[in-house]
Amino acid sequence: MNDLKPTGKLDFYLARMASRGIGAARVLAGTGLRAGQGAEHDMLPHPPQYRRVILNMLELTRNPWLGIALGEEFRVSDLGILGYAALSASTLKDSRELYDRYRGLNEHIFSTTNTIMHGRWFSEIHDVYRLGDVMRFAVEEFVSQTIQLASSLTNRPFPILELHLTFPQPADVTPYLKRFNCPVYFNQSRNLVVFDINRLQDPISLANPEVFKLCASQCEMLAARQRRDARLSELIRDYLVGHPGDFPTLEEMAEHLNIGARTLRRRLVDEDQSYQKILDDTRRELALQYLQHTTLTPKEIGYMLGYSSVSNFRRAFKTWTNQTLSDARLAHAA
C-alpha cells in the first residue's frame with residue numbers, strides 16, 4: 001500500500017533538493033526536523049518549520065523563482081492513489097471534484113476555496129498558516145503545480161486567465177510571463193487565481209471508469225484509515241488552524257467530529273490533553289504567527305482569535321508567554 005500513499009510535502013522538497021545535489025541536513029537546518037519525519041500525521045511539520053525549510057531552499061539554490069520550478073517538477077504520481085484516480089477520471093471537472101473530496105490525503109501549507117461565478121472559476125489562496133515572507137514562494141508553487149497537473153491529465157495546455165497577488169511586484173516579472181502567460185496584478189487584497197471554466201470539460205487522456213471507481217474506493221479507504229488513526233487533538237488543531245476566527249465550543253466540536261461530547265472529553269484525556277488546552281495552545285501559536293509575520297493590529301488579531309475585546313486578548317497572551325504583545329513583536333523584529 002505504500003506506493004499508493006502520496007509523497008509528503010517535506011519528502012517532496014527533500015527529493016527535489018537532492019536532485020540538485022543538496023542534502024537533507026542542509027535543507028532541514030534550524031528546524032529540528034529529520035528526514036522521513038513527515039510520514040506520520042502526528043509528526044507533521046508545523047508552519048514555522050515549513051517557513052524555515054522554504055527559506056533554506058531559497059538560500060541554498062539562490063533561485064528566487066524556486067516555487068515556479070518546483071511546481072513544474074511535480075508529477076501526478078506524487079499524489080499517490082489520488083493521482084491514479086485523477087488520471088482515470090472522465091473530465092478535469094470530475095478529477096477536481098474527487099481531489100477536493102479527498103484533499104486531506106495530501107499535505108498542504110495553505111488552504112484554498114473554489115468559486116464559480118460569471119462564467120469564471122476563481123481559486124482563492126488563504127494564508128491560514130501565516131507563511132509571511134515565504135507566501136510568494138507558496139503561491140508561485142501552487143499555480144505552477146496546478147498548470148503542470150492539469151496539463152499532465154489532459155495532454156493539452158491549461159491557461160491561467162488572471163493572477164491577483166497580495167505581495168509587491170518583483171523587480172523581474174519575466175518568469176511570470178513565461179510560466180503563467182496572463183495579466184498579473186500585485187498588491188491586491190486577496191490571492192486569487194482565475195481559471196477558464198471551459199477547461200473543466202477537458203477530457204482526461206487516460207480516462208477509465210472502472211479504474212476510476214476502484215481508485216475512488218481506495219481513496220475512501222485511506223481517508224477512513226487516516227481519520228481512525230489520527231490523534232483527536234491533531235484533528236481539532238487542524239480544524240482550528242484551518243478556520244481562522246472559528247473557535248467552537250466543545251459540544252460544537254464534538255458535533256463536527258460526529259462524536260459525543262463525553263466521548264470527546266474522554267479521548268482527549270487518553271491523549272493527556274483537554275479541549276481548553278488545545279484552544280489555548282492554538283491561539284498562542286496563531287497569535288505569535290500573526291505578530292511576527294503580519295502587520296495586523298492587536299485588536300484585529302484578538303478578533304481573529306475569538307476575543308471580544310483587545311484587553312482580554314492582551315491578558316491571555318501575557319498568561320501564555322509572559323510577554324506583552326509589543327515585546328513579542330519587537331523581539332521578532334530584532
* **Any donor-acceptor N/O pair, Glu72 side chain to Ala69 backbone, under 3.5 Å** =>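 Not at all, since once roles are kept as given, no pair shorter than 3.5 Å links the two residues.
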
* Examine distances only and state if a side-chain atom of Glu271 and a backbone atom of Ser233 form a donor-acceptor pair shorter than 3.5 Å. => yes

Is the shortest side-chain N to carboxylate O distance from [X] to [Y] below 4.0 Å?
X	Y	result
Glu97	Arg101	no
Arg265	Glu251	yes
Asp78	Arg75	no
Arg266	Asp270	no

* More than 12 heavy atoms of other groups within 6.0 Å of Lys9 NZ -> yes

Rounded to the nearest 0.5 Å, what separation is found between the [atom1] atom of [X] and the [atom2] atom of [Y]?
X	Y	atom1	atom2	result
Tyr102	Cys219	OH	SG	6.5 Å
Tyr290	Leu325	OH	CG	14.0 Å
Thr91	Gln201	OG1	CD	5.5 Å
Glu59	Arg26	CD	CZ	9.5 Å

Is the closest side-chain heavy-atom distance between [X] and [Y] below 4.5 Å?
X	Y	value
Thr115	Arg120	no
Phe317	Leu291	yes
Gln188	Leu192	no
Asp281	Arg237	no

* To do: May I ask you to check whether Phe186 and Tyr176 place their ring centers less than 6.0 Å from one another?
  => yes

* Kindly state whether the ring of Tyr303 and the ring of Phe313 have centres lying under 6.0 angstrom apart. =>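 No, the ring centres sit 6.0 Å or more apart.
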
* How are the rings of Phe195 and Phe158 set relative to one another: parallel (under 30°), tilted (30 to 60°) or perpendicular (over 60°)? -> tilted

* Pair Tyr185-Leu163, side-chain contact (heavy atoms from CB on, under 4.5 Å): steps then yes or no -> CA-CA 6 Å; Tyr185 306 95; Leu163 277 178; over 6 Å; no

* Asked: Run the side-chain contact (heavy atoms from CB on, under 4.5 Å) check on Leu153 and Leu92 step by step: do they pass?
  -> CA-CA 8 Å; Leu153 292 172; Leu92 200 58; 4.0 Å; yes

* Checking side chain to side chain donor-acceptor pair (under 3.5 Å) for the pair His126/Thr113: CA distance, chi angles, key distance, verdict? -> CA-CA 8 Å; His126 305 280; Thr113 54; 2.9 Å; yes

* Structure fact -> Checking Val194, Val143, Leu177, Ile160 against Cys182 for side-chain contact (heavy atoms from CB on, under 4.5 Å), the one that qualifies is Ile160

Group every Ile, Leu, Val, Met, Phe, Trp and Tyr by side-chain heavy-atom contacts under 4.5 Å, then state whether [X] and [Y] land in the same group.
X	Y	answer
Leu161	Ile147	no
Val27	Leu55	yes
Ile54	Ile22	yes

* **Within 45° cone of Tyr307 ring axis and under 6.0 Å: Arg283 NZ or CZ** =>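 Ring-cation test returns yes.
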
* Does the cation-pi check pass for Arg96 over Trp121, that is, NZ or CZ under 6.0 Å from the six-membered ring centre and within 45° of its axis? ->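 Yes, cation above the ring, under 6.0 Å and within 45°.
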
* Would Arg179 and Ser144 count as a side chain to side chain donor-acceptor pair (under 3.5 Å) if you check the C-alpha gap in whole Å, the side-chain angles of each, and the deciding distance to 0.1 Å? -> CA-CA 7 Å; Arg179 179 59 173 162; Ser144 182; 3.0 Å; yes

* Before giving the answer on side-chain contact (heavy atoms from CB on, under 4.5 Å), spell out for Asp202 and Arg156 the whole-Å C-alpha distance, their side-chain angles and the decisive distance to 0.1 Å. => CA-CA 9 Å; Asp202 286 353; Arg156 62 179 66 185; 3.3 Å; yes

* Asked: Can you name the nearest heavy-atom pair linking Arg34 to Leu28, along with the distance?
  -> C-CD1, 3.5 Å

